[in-house]
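Everything below concerns the one structure shown next.
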Amino acid sequence: MISIYTIISEARIPDQLKLYFNDSNAIKEFLDEEKIRILEEVTTYFYSIYTFDTPQYCAAVVSAFKRSKDVDSFYSLLKGVIELDLQLTSKKRIASSSDEYLFISRNSINTVFKDATVLLIESIEKLSINNTVNLPLIYAYLGKIDLILSYTNESHFIKLKETAEYIISECNQASNTI
């Protein structure tokens with residue numbers, strides 16, 4: 001027999017719910033395999049069609065688990081609670097308003113931040129080791145850092161930008177003295 005914790009860990013549900021289901025003693029009496037499978041289907045349905053606030057979704061799910069008396073009524077109760085408690089926005093409506101908004105995944109943004117930072121630091125290290133610099137590459141990284149700074153004013157990105165600008169300035173001065 002598969003444990004409920006294995007079922008939860010393998011379920012296609014938000015990580016916040018997995019954490020809550022595994023850590024909370026208050027919810028354990030309401031959990032069973034069939035309800036988790038129903039939750040997976042409902043989660044797939046709502047994530048496919050709508051956008052919404054995931055923490056609110058998780059709270060609505062927990063509420064439905066606690067209010068359900070049996071498996072037979074769980075699907076209807078879960079769907080009803082989600083539809084009442086969440087502000088659901090059709091993904092089609094979002095796609096049609098693409099002139100107004102640009103949707104980028106948080107993971108994609110984090111990757112750009114990390115890549116630009118790492119590559120710029122590597123370029124600076126190469127400069128300090130063999131005193132050569134790939135100026136077009138530094139300009140490209142500077143552009144990415146500028147893009148990052150349009151979304152955040154974190155000090156380490158500001159320092160990276162200042163360093164890149166300093167390198168460009170020094171390279172321009174060196175080429176002007178030749």
Side-chain angles (χ1 to χ4, degrees), residues 8-24 36 39-62 81-178:
I8 290 168
S9 71
E10 294 174 356
R12 293 178 322 260
I13 59 176
D15 288 339
Q16 296 97 319
L17 281 174
K18 290 179 183 182
L19 180 67
Y20 180 76
F21 289 163
N22 284 314
D23 292 350
S24 172
I36 299 297
L39 173 59
E40 274 188 301
E41 288 304 314
V42 169
T43 298
T44 301
Y45 171 80
F46 279 96
Y47 272 93
S48 298
I49 298 172
Y50 301 106
T51 60
F52 48 84
D53 184 66
T54 300
Q56 285 180 342
Y57 177 81
C58 294
V61 167
V62 169
V81 167
I82 291 168
E83 288 172 346
L84 286 174
D85 290 356
L86 264 66
Q87 181 179 350
L88 301 171
T89 305
S90 166
K91 285 189 175 182
K92 183 178 185 215
R93 198 169 103 206
I94 288 174
S96 68
S97 65
S98 61
D99 291 341
E100 298 174 32
Y101 302 100
L102 173 64
F103 295 95
I104 303 172
S105 73
R106 185 166 294 164
N107 190 29
S108 176
I109 290 173
N110 289 339
T111 300
V112 170
F113 283 25
K114 181 182 173 192
D115 289 349
T117 302
V118 168
L119 294 172
L120 184 56
I121 290 170
E122 287 174 358
S123 294
I124 293 168
E125 287 173 352
K126 286 179 186 175
L127 175 63
S128 67
I129 292 170
N130 58 12
N131 208 24
T132 61
V133 65
N134 183 340
L135 205 51
L137 201 56
I138 298 292
Y139 274 113
Y141 300 145
L142 181 59
K144 286 184 179 184
I145 297 294
D146 275 338
L147 175 64
I148 292 167
L149 285 172
S150 68
Y151 294 99
T152 180
N153 283 326
E154 293 184 32
S155 62
H156 61 278
F157 290 119
I158 293 170
K159 289 177 185 172
L160 277 171
K161 179 182 179 185
E162 290 169 352
T163 303
E165 289 171 337
Y166 175 78
I167 292 170
I168 291 169
S169 168
E170 290 295 310
C171 289
N172 285 337
Q173 285 179 358
S175 67
N176 287 340
T177 60
I178 298 178

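- For the atom pair OG of S9 and CG of D15, the computed distance is 11.0 Å after rounding to the nearest 0.5 Å.
- Taking the salt bridge (charged side-chain N to carboxylate O under 4.0 Å, His left out) definition, one finds that E10 meets it with nothing, sequence neighbours left out.
- For the pair L39 and F21, the minimum side-chain heavy-atom distance is below 4.5 Å.
- For E40 against R12, the heavy-atom pair with the smallest separation is OE2-N, 2.8 Å.
- Between K18 and I13, the shortest heavy-atom distance links the atoms CE-O, 3.6 Å.
- Counting all heavy atoms, side chain and backbone alike, V81 lies closest to A60 at CG1-O, 3.4 Å.
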List the steps, then state whether side chain to side chain contact (heavy atoms under 4.5 Å, CB included) holds for L86 with Y50.
CA-CA 10 Å; L86 264 66; Y50 301 106; over 6 Å; no
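- Every side-chain contact (heavy atoms from CB on, under 4.5 Å) that P55 has, sequence neighbours left out, goes to Q16, D53.
- Between L142 atom CG and E162 atom CD the span is 11.0 Å, to the nearest 0.5 Å.
- For Y47, the side-chain contact (heavy atoms from CB on, under 4.5 Å) criterion is met by P14, T43, F52, T54, Y57, not counting sequence neighbours.
- In terms of the side-chain contact (heavy atoms from CB on, under 4.5 Å) criterion, A59 has no residue partners (sequence neighbours excluded).
- For D85, the salt bridge (charged side-chain N to carboxylate O under 4.0 Å, His left out) test picks out no residue, with sequence neighbours left out.
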Set out, in order, the CA-CA distance, both residues' side-chain angles and the distance that settles side chain to side chain contact (heavy atoms under 4.5 Å, CB included) for I8 and L17, then state yes or no.
CA-CA 9 Å; I8 290 168; L17 281 174; over 6 Å; no
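- With sequence neighbours excluded, no residue forms a ring-ring contact (aromatic ring centres under 6.0 Å, His included) with Y20.
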